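Data block below; observations after.
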Amino acid sequence: MTVKAYKRTLVTSALPYANGPLHLGHLAGVYVPSDIYVRYLRQRDRDVISICGSDEHGVPITLKARKEGISPQEVVDRYHAINKKAFEDFGISFDIYSRTSNQVHHETASEIFKTLYDKGVFIEKTSEQYYDEEAATFLADRYITGTCPHCGNPCAYGDQCEQCGTSLSPTDLVNPVSTISGSKPILKETKHWYLPLDKYEPWLKEWILEEHKEWKPNVYGQCKSWLDQGLHPRAVSRDLDWGIPVPIEGADGKVLYVWFDAPIGYISATKELTPDWEKYWKDEETRMIHFIGKDNIVFHCIVFPTILKAEGSYILPENVPANEFLNLENDKISTSRNWAVWLHEYLEDFPGKQDVLRYVLCANAPESKDNDFTWKDFQNRNNNELVAVLGNFINRALVLTHKYFEGKVPEITTLTEQDKATLAEILTIAQGVEESLEHFRFREAIKRGMDLARLGNKYLADTEPWKVIKTDPDRVKTILNISLQISANLTLLLDPFLPYSMEKLRGFLRFEGTSWDLIGSESLLAPGHSIEKASLLFEKIEDEQIQLQLDKLNRTKEENEEPVVASPQKEEITFDDFTRMDLRTGTILEAEKVPKTKKLIKMLVDLGFEKRTIVSGIAEYYEPDVLPGKKVSVLANLAPRKIKGIESQGMILLSENPDGSLHFVEPSESAVNGSEIN
RNA sequence: GGCGAGGUAGCUCAGGUGGUUAGAGCGCAUGAUUCAUAAUCAUGAGGUCGGGAGUUCAAGUCUCCCUCUCGCUACCA
């Protein structure tokens, strides 16, 4: 592997989807690390740009719009505004925060599609999809509801049943209904374009598995998993009226699939930012870094690079430092369950405390595995680290300087060996931070950065200026000069992590330097230079504030535990309809797990008049060895179906709780095998 | 079931190519100290490195089996 010398860096951060506000998971996984990285490079005076924006297409946005009776544009306008402002208020320093619904992006995505189309990259395929004749439109999976074939939930979507969690395809649904017109959709042929990922598989294997072994284990492993399983062509278009129209003849009513256009948003945003955009996207001397969460690995490591490669003139990402997920108080963050800490709410509840959250999310970032955010930990890190270590050191240095030298930086008289060692340590620490940042190890970086404040505290404890002042005031001059030089160095070293606080600290010190190259200097503050009276850099966070946040989450939990609204009753049927079902009492004779499956159990059931083999997905709730002898209710005249190669002759009735757990509908002991259930 | 990532001190995590008494921060205990937001500094206690077997002179680090967590995937009549 050759180490390339790069002239510039292009940093992209995953485009947040504009159908909801930002939460801590987004920040910890993507935006805090990318912002630290970008601020660091800027401070080093490197040529770097940071790109982000709202991802505004796709079906979920149209659904949200429909639900609220507004247009998709209004939905994305709302969340784009909220999120853009939240990022700004939080100090995420994108060079541009654009959006995919704007003109530049439409043009850029269209051009790239067109180029690939003209090159003959795509495969065209015709398939049958549901079509709403009344609304004269094809229906996206999410626009179709029907009865889930698995659990009978009458409100299942065309792509997933939210009750049992099964992923579905629209044609699986029983009694499909269009959510647009309420009519019954028909199957109609439609043409789509596919990106043949399979053809690029050999190249991807070489590029990732051979040339990028340095990628993080979670990223590399995920890619390997996909590549080993074999790639398949992926549709790049959809029948939908919200998005970027497919820019070719005869593609009316079709738009680019959102995952195709979203990453191109990075390119569009760069175009919008600078006329020099090609230098960032097409020059081999540019290093492109994608900051993303683990859910985006396949798109940024496999799909998007394939698009860029197929297009031919673009560079590929040099690294994709994807993070894992952040949990909240021991539970997965979930927008639909409102289990989250929303950024805009945090900013209201903790005004002026952006850096505290930046610090906690960085120090506890889910870099190698899923991590947990707890409010207690948030409080502890603020009180025991930011306040006690960093804030306290600054306070000590400033207070002592005012107490003994009227707020003027004293001069160095004589340097002891300890002084020299302490000053030398500054640079060593800085090099450690650099090393960590260059390798995207942000939690290690921030910890190493804090070591400089620890060094300051130790230095003061060792030299004891409050004692020495009585016997040797000249010595104290040197001690405080060094303490203040450490403080000034801290403003430089921690600026990428804690920009607000370091700005404040520069104010305290009346220090204006910002360049990373100054770090290690022993004369950032000249003797005689006046500094401001000390005020606090960080404040303690009291238990009450934390309790308030915990109460908020508890309320959410209680709301979530309220009984689920019973699914609406299905449409009325006649007695004849009912009598068509042949329900029987039976007894399980034998049961065994179906090999190589997680849920399936194969049973032999005695129905009195005959014995049936029935396969059922209950292995997560019943062990096979407890089943023989159990009385069950069986739908006997259900058409047989092959499951995992075994013919299942009937269905065992099960009741399902809201949590998905299954329970047999058990006839009483006195019921005889084969007796009819009416 | 398949694939991937994880399971290391009370908590959150480090531990290239196997090699002296397994590390850090926080928490805890003891001592020092008072300039400082009861902050700081020092010292210490705490781990059979998920479990088992194997390779090796030597394994947290390699191999196999098992187990738990997370993700993708198959499967649920």
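As a basis for the values below, the full set of heavy atoms in this structure was taken, side chains included, without hydrogen atoms, waters or symmetry mates. Bear in mind the structure is a predicted one, so any value in this text is a computation, not a measurement. In the text below, chain A, chain B and the rest are named by the order of the sequence lines, each starting its count at 1.
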>> With rounding to the closest Å, how many angstrom separate the P atoms on B:A24 and B:A5?
In response: 29 Å

> Has A:S616 got a side-chain N or O lying under 4.0 Å from the OP1 or OP2 atom of B:A77?
Replying inline: yes

>> If you only use heavy atoms from C-beta on, which nucleotide in B:U40, B:C35, B:U34 is closest to the side chain of A:K403?
In response: B:C35

> Parallel, tilted or perpendicular for A:F304 and A:H290, by the 30°/60° rule?
Replying inline: tilted

>> Within residues 352-367 of chain A, which residues have any heavy atom lying less than 4.0 Å from an atom of RNA chain B?
In response: A:N364

>> Pairing donors with acceptors under 3.5 angstrom, does anything connect the side chains of A:E214 and A:Y220?
In response: no

> Can you check the A:R396 CZ to B:U37 C1' distance for me, whole Å?
Replying inline: 12 Å

>> Under a plain distance cut-off of 3.5 Å, with no hydrogens placed, do A:Y359 and A:N382 share a side-chain donor-acceptor pair?
In response: no

>> Roughly how many Å apart are B:A45 and B:U21, using the C1' atom of each and rounding to a whole number?
In response: 16 Å

>> Students often get this wrong, so: under 4.0 angstrom with heavy atoms, is A:L536 touching a base, only sugar-phosphate, or nothing?
In response: base

> Can you tell me how far P of B:C76 sits from CD1 of A:I614, to the nearest Å?
Replying inline: 15 Å

> Taking atom P in both B:U33 and B:G16, what distance in whole Å separates the two?
Replying inline: 42 Å

> Roughly how far apart, to the nearest Å, are B:U69 and B:G31 at atom C1'?
Replying inline: 42 Å

> Considering only heavy atoms, which members of residues 441-462 of chain A lie under 4.0 Å from some atom of RNA chain B?
Replying inline: A:R443, A:K447, A:R454, A:N457, A:K458, A:A461

>> Can a side-chain donor-acceptor contact be found between A:T587 and A:D606 if the only test is distance below 3.5 angstrom?
In response: no

> Pairs counted as Watson-Crick or G-U wobble with both distances under 3.5 Å: what dot-bracket string results for RNA chain B, using | for bases tied to another strand?
Replying inline: (((((((..((((.....[...)))).(((((.......))))).....(((((..]....))))))))))))....

>> If I pick the P atom on B:U17 and the same atom on B:U61, what distance separates them, to the nearest angstrom?
In response: 11 Å

> Are A:F378 and A:F350 an aromatic pair by the rule of ring centers under 6.0 Å?
Replying inline: yes

>> Can you say whether a donor on the side chain of A:N395 sits under 3.5 Å from an acceptor on the base of B:A36, or the other way round?
In response: no

> Distance only, no hydrogens: is a donor on one side chain within 3.5 Å (strictly under) of an acceptor on the other, for A:N637 and A:R580?
Replying inline: no

> Using the P atom in both, what is the distance from B:A9 to B:G23, to the nearest Å?
Replying inline: 14 Å

>> Assess, by modelled atom type and distance only, whether the side chains of A:E367 and A:N218 contain a donor and an acceptor separated by less than 3.5 Å.
In response: no

>> Consider side chain to side chain contact (heavy atoms under 4.5 Å, CB included). Of A:I588, A:V665, A:T585, which one does A:K631 pass it with?
In response: A:T585

> Quick one: which of B:C26, B:G6, B:A39 gets closest to the side chain of A:N392?
Replying inline: B:A39

> Which nucleotide in the set B:U40, B:U37, B:C3 lies at the smallest distance from any side-chain heavy atom of A:F538?
Replying inline: B:U37

>> Let me spell it out: for each of A:D370 and A:D377, pick the nucleotide of RNA chain B with the closest heavy atom. Which residue's pick is nearer the 5' end?
In response: A:D377

> Where do A:I394 and A:L490 land on the side chain to side chain contact (heavy atoms under 4.5 Å, CB included) test, with the steps shown first?
Replying inline: CA-CA 9 Å; A:I394 297 300; A:L490 274 168; 4.0 Å; yes

> Over how many whole Å does the gap from A:D372 atom CG to B:C70 atom P extend?
Replying inline: 13 Å

> Looking at A:N218, does any N or O in its side chain come under 4.0 Å of the phosphate oxygens OP1/OP2 on B:G6?
Replying inline: no

> Are any of A:K540's side-chain N or O atoms less than 4.0 Å away from OP1 or OP2 of B:A39?
Replying inline: yes

> Any side-chain N or O of A:K332 under 4.0 Å from OP1/OP2 of B:G71?
Replying inline: yes

>> So A:D228, base contact, sugar-phosphate only, or nothing? Heavy-atom distance under 4.0 Å.
In response: nothing

> A:N383 has an atom CG; how far is it from atom C1' of B:U40, in whole Å?
Replying inline: 15 Å

>> On RNA chain B, does the nearest nucleotide to A:V399 precede the nearest nucleotide to A:P217 from the 5' side, or the other way round? Give the residue.
In response: A:P217

> A:Q418 has an atom CD; how far is it from atom P of B:C41, in whole Å?
Replying inline: 14 Å

>> Distance check, C1' atoms only: B:G60 and B:G47, in whole angstrom units.
In response: 11 Å

> Could you state the CG-P distance from A:N323 to B:G6, rounded to the nearest angstrom?
Replying inline: 13 Å

